[in-house]
Amino acid sequence: MTSQCGRSPAFFSPLRSRKKHCNTIPCLNLDRKSSALCPAVICHTAKPTMTSIDTGFTAPFLSTLSIQRSTFTSWLDSEKSRIDSIAEQISNLHGEKQRRIKGLLRRLDEVRCQRGLVNGDGDVSVGGVAQQKRALEEKQRKLVADAKVLRDKNRAAQMELDELLAEQSHQQTLAEATRSKKVQLAEMKNTTVEDLTKGLLNYKYVGLGFERVGVEGDLLFKFTRLDPTDLLRPFSFILTLRQNYELSSCDPPLDKKKTDELLSILNSDADNGFMYFLVGMRKLFKETLS
């Protein structure tokens with residue numbers, strides 16, 4: 001008679017009988033060389049064929065246990081094969097990466113050698129492309145500095161040339177003005193006493209007279225009939241012609257600021273300024289009587 005759990009009364013036999021007939025139970029161990037899992041057996045004391053009398057279990061239970069054991073063994077073998085395949089793929093991938101890394105390192109060393117960063121032994125190089133590059137950069141810096149110096153010199157020379165051209169233009173203008181003034185003075189020096197006399201005849205009645213004095217032909221002008229107490233009293237001045245008209249020897253002395261204004265008008269307008277100058281001088285002499 002069996003119990004509800006499928007075991008026969010022999011299951012409750014002494015423990016000595018159960019220990020003698022130990023079941024085969026698989027376990028998993030790691031094989032370091034193959035990096036895969038392999039089944040191991042805890043004990044092998046069980047006989048290949050087990051009966052309900054030997055184990056104390058019923059025949060259907062032992063049959064089910066045998067089927068489950070076969071299924072587990074098949075699954076375990078399948079997993080072992082799959083893990084071995086994955087391990088092999090990982091190993092191959094790792095080897096491929098290592099080869100790629102070594103190839104890249106070799107390529108890097110070749111490039112560094114070509115650029116002169118290192119020599120053939122892997123030491124830092126002092127020549128090659130790197131040194132040439134540094135030399136070219138230094139040469140370029142010197143060329144840039146020299147070009148800047150040349151630009152500065154060119155700018156300074158251009159400024160100096162502009163100044164010289166401006167000065168030349170100014171000197172040419174002054175030369176033209178001086179030449180024109182000389183021509184005008186030459187024409188004025190050719191004016192005879194008779195020419196001046198003709199222009200001053202209308203002023204005879206106011207007591208104006210003149211004469212040449214000195215070796216340069218300076219003109220001495222005299223005014224009379226200015227002093228009511230002495231109509232013959234002379235009021236005189238000398239007019240000298242150099243580059244411009246110059247006034248001297250005023251008797252009695254006159255205000256220099258006022259005479260300079262009259263001279264400025266005379267020198268700026270040689271045609272009409274002369275009569276204005278004489279009238280102004282007569283007024284200044286007359287003011288000395290007040």
Side-chain angles (χ1 to χ4, degrees), residues 1-140:
M1 183 176 181
T2 61
S3 63
Q4 294 180 355
C5 63
R7 297 175 180 176
S8 65
F11 175 78
F12 299 98
S13 60
L15 295 176
R16 179 176 55 82
S17 174
R18 295 173 61 188
K19 292 181 179 178
K20 182 178 179 181
H21 303 283
C22 179
N23 294 327
T24 301
I25 301 175
C27 65
L28 299 178
N29 289 331
L30 180 62
D31 188 354
R32 293 183 180 179
K33 293 184 179 180
S34 62
S35 300
L37 297 176
C38 63
V41 181
I42 297 177
C43 61
H44 303 277
T45 57
K47 295 180 180 180
T49 303
M50 295 182 295
T51 63
S52 59
I53 299 176
D54 295 333
T55 61
F57 294 99
T58 62
F61 178 78
L62 292 176
S63 177
T64 302
L65 183 63
S66 177
I67 294 172
Q68 295 295 329
R69 176 183 176 185
S70 299
T71 303
F72 179 75
T73 301
S74 299
W75 174 82
L76 191 63
D77 292 339
S78 175
E79 290 299 311
K80 175 181 177 298
S81 299
R82 188 174 66 84
I83 292 173
D84 289 342
S85 177
I86 293 174
E88 184 178 0
Q89 292 178 4
I90 292 174
S91 178
N92 294 335
L93 182 61
H94 179 71
E96 180 65 23
K97 288 185 177 180
Q98 289 294 327
R99 287 191 293 273
R100 291 183 60 187
I101 291 173
K102 290 181 180 179
L104 291 175
L105 290 176
R106 285 194 300 270
R107 178 58 182 164
L108 178 60
D109 291 339
E110 292 175 0
V111 172
R112 295 176 67 187
C113 289
Q114 290 175 359
R115 295 188 176 182
L117 299 177
V118 296
N119 54 27
D121 298 330
D123 299 329
V124 177
S125 176
V126 295
V129 178
Q131 185 178 10
Q132 295 178 5
K133 181 180 178 182
R134 288 192 295 269
L136 290 175
E137 290 176 350
E138 182 65 23
K139 186 176 181 179
Q140 183 180 6

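Along the sequence shown, residues carry numbers from 1. Since the structure is predicted, the reported quantities are computational estimates derived from the model, not experimental observations.
Atoms CZ and NE2, from R99 and H94 in turn, are 10.5 Å apart once rounded to the nearest 0.5 Å. To the nearest 0.5 Å, atoms CG (L93) and CD (E88) are separated by 12.5 Å. Here the CZ atom belonging to R107 is positioned 10.5 Å from the CG atom belonging to L104, to the nearest 0.5 angstrom. Considering CD1 of I83 and CD1 of I90, their distance stands at 10.5 Å, rounded to 0.5 Å.
Although no hydrogens or angles enter the test, the distance criterion places a donor-acceptor pair under 3.5 Å between the side chain of S74 and the main chain of S70. A donor-acceptor distance shorter than 3.5 angstrom exists from the side chain of T71 to the backbone of I67, with no hydrogens or angles considered. A donor-acceptor pair is defined here as one N or O able to donate and one able to accept, closer than 3.5 Å; no such pair exists between the side chain of S63 and the backbone of A59. Between the side chain of S85 and the main chain of S81, no donor-acceptor pair closer than 3.5 Å is present.
The environment of CD in E79 is crowded: more than 12 heavy-atom neighbours from other residues, nucleotides or ligands sit within 6.0 Å. Q140 CD: 12 or fewer foreign heavy atoms inside a 6.0 Å radius.
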